[in-house]
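Excluded from the calculations below are hydrogen atoms, water molecules and symmetry mates; all remaining heavy atoms, backbone and side chain alike, are included.
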Amino acid sequence: MTAIPVLVTPPSAPVVSLEDAKMHLRIDHADQDAMIEGLVLAATAHLDGWRGVLGRAIMP
């Protein structure tokens with residue numbers, strides 16, 4: 001029987017900061033901050049963890 005990994009301690013910071021994401025997207029105003037944060041979280045959830053596309057943790 002294979003053991004299923006369990007998240008014990010989540011990362012304390014997002015993989016990509018809001019400021020870095022906004023710089024990459026070339027957005028200067030704060031009108032869409034909530035949407036950008038949501039997109040970063042969704043992308044991280046899609047990629048991260050043993051159930052994610054990468055099949056491993058992005059951050060230690």
**OP:** Supply the members, apart from Leu39, of the Ile/Leu/Val/Met/Phe/Trp/Tyr cluster built from side-chain contacts under 4.5 Å; use none for a lone residue.
**Re:** Met35
Original post:
By the rule that ILVMFWY residues connect when side-chain heavy atoms come within less than 4.5 angstrom, directly or transitively, which residues belong alongside Leu41?
Top reply: none
Subject >> Working for side-chain contact (heavy atoms from CB on, under 4.5 Å), residues Leu18 and Ile36 >> reply: CA-CA 7 Å; Leu18 176 61; Ile36 294 169; 3.8 Å; yes
Original post:
Heavy-atom count around Asp28 CG within 6.0 Å, excluding the residue itself: above 12?
Top reply: no
Original post:
Should we count NE2 of His24 as having more than 12 external heavy atoms under 6.0 Å?
Top reply: no
Subject >> Heavy-atom pair of closest approach, residues Val16 and Ala21 >> reply: CG1-N, 3.9 Å
Subject >> Where Asp48 and Ile58 come nearest, the two heavy atoms and their spacing >> reply: OD1-N, 2.7 Å
Original post:
Partners of Asp33 by salt bridge (Lys or Arg N to Asp or Glu O under 4.0 Å), sequence neighbours excluded?
Top reply: Lys22
